[in-house]
Amino acid sequence: MTNLAKQTYALLRKVPRGRVTTYKALADALGVKAYRAIGQILKHNPDAPNTPCHRVVASDGTIGGFMGQSSGAAIQKKIQMLQNEGIKIKGGKILQFNHVLFTFPTS
DNA sequence: GCGCTTATCGCAC
DNA sequence: GTGCGATAAGCGC
């Protein structure tokens, strides 16, 4: 496990329930520009139940992808999980995205 | 306003 | 060493 992945998971674990973050937020918080790399890391997800990869969405508020798929039943399940946390999703996108979006302190 | 292309970085094989 | 990816942002039409 590389330091980046470790940091990514660490930040993800800091995201409180009912909140979501974006790949950009994670990458920016880590000081890297590898937005796509973040997706790779989350997809590898070594601690699935402990790493809320389903709380990570695209910068547009869209779900983005889940379980290595950009669309499919997995995505709908992800949406269901988020909705279960109190997040409203419609048409595959998060409603009040700005309200549920969780950003990390830049220090 | 919508769509497409380019740029970037890390991870896996 | 090379290829791929769950993105983001910018430019063009």
Side-chain angles (χ1 to χ4, degrees):
Chain A
M1 169 113 27
T2 59
N3 189 47
L4 181 67
K6 195 173 178 182
Q7 296 294 302
T8 305
Y9 297 129
L11 288 171
L12 201 55
R13 287 181 66 184
K14 288 166 72 174
V15 180
R17 177 183 161 288
R19 283 303 120 98
V20 294
T21 188
T22 67
Y23 300 101
K24 183 177 168 48
L26 287 165
D28 187 67
L30 296 177
V32 300
K33 222 161 26 169
Y35 314 117
R36 306 177 78 178
I38 304 297
Q40 291 249 207
I41 295 168
L42 296 183
K43 150 174 159 177
H44 294 171
N45 202 341
D47 261 316
N50 198 44
T51 309
C53 48
H54 61 272
R55 276 186 204 159
V56 186
V57 297
S59 62
D60 305 273
T62 46
I63 301 305
F66 191 57
M67 285 178 83
Q69 295 187 206
S70 50
S71 58
I75 303 299
Q76 310 210 11
K77 202 132 191 200
K78 175 172 175 176
I79 294 171
Q80 218 166 71
M81 291 163 71
L82 291 171
Q83 285 187 137
N84 188 40
E85 299 200 351
I87 299 172
K88 314 290 199 214
I89 302 179
K90 178 100 179 201
K93 344 186 255 196
I94 298 177
L95 301 181
Q96 298 176 62
F97 181 55
N98 186 45
H99 190 69
V100 298
L101 178 60
F102 180 83
T103 41
F104 307 97
T106 50
S107 283

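Keep in mind that the numbers below use all heavy atoms, side chains included, and drop hydrogens, waters and symmetry copies. To find a chain, count down the sequence lines: A is the first, B the second, and so on, and within it residues start at 1.
Judged by distance alone, with hydrogens and angles left aside, the side-chain atoms of A/K78 form a donor-acceptor pair with the main-chain N or O of A/G65 at under 3.5 Å. Checked by atom type and distance alone, the side chain of A/T62 never pairs as donor or acceptor with a backbone atom of A/K93 at under 3.5 Å. Without hydrogens or angle criteria, A/Y9 side chain to A/I41 main chain gives a donor-acceptor distance under 3.5 Å. In this structure a side-chain-to-backbone donor-acceptor pair under 3.5 Å is missing from A/K14 to A/F104.
Atom CZ of A/R36 is separated from atom P of B/dA7 by 12 Å (rounded to the nearest Å). If you measure from atom NE2 of A/H44 to atom P of C/dC4, you get 15 Å, rounded to the nearest angstrom. With rounding to whole Å, A/D28 atom CG is found 12 Å from C/dA8 atom C1'. The separation between A/L26 atom CG and B/dC11 atom P is 14 Å, rounded to whole Å. Here C/dA6 presents its C1' atom at 18 Å from NZ of A/K77, a figure rounded to the nearest Å. Atom CD1 in A/I63 sits about 15 Å away from atom C1' in C/dT7, given to the nearest Å. Following rounding to the nearest Å, A/Y9 (OH) and C/dA6 (P) show an atom-to-atom distance of 14 Å. Remark: P of B/dG3 and CG of A/D60 are 12 Å apart, rounded to the nearest angstrom.
Closest-nucleotide positions on DNA chain C for A/K24 and A/N45 were compared, and the one nearer the 5' end corresponds to A/N45.
Contact check for A/D60 versus A/F97: no side-chain heavy atoms found under the 4.5 Å cut-off.
Of the candidate nucleotides B/dC9, B/dC11, C/dA8, B/dC11 has the atom nearest to the side chain of A/T2. You'll find that the side chain of A/S70 is closest to C/dA6, out of C/dA6, C/dG5, C/dA9. Comparing atom distances between the A/Q40 side chain and each of B/dC9, C/dA8, B/dC11 picks out B/dC11 as nearest. The side chain of A/S59 sits closest to C/dA8 out of B/dC9, C/dA8, C/dA6. Picking from C/dT7, B/dC11, C/dG5 the nucleotide with the shortest atom distance to the side chain of A/I41 gives B/dC11. When the nucleotides C/dA8, B/dC11, B/dA7 are ranked by their closest atom to the side chain of A/A5, B/dC11 comes out on top. The side chain of A/K33 approaches B/dT8 more closely than any other nucleotide in the set C/dA6, B/dT8, C/dG5.
Looking at heavy-atom distances under 4.0 Å, A/L4 makes contact with sugar-phosphate atoms alone, never a base.
In this entry C/dG5 has B/dC9 as its Watson-Crick or G-U wobble partner, both defining distances falling under 3.5 Å.
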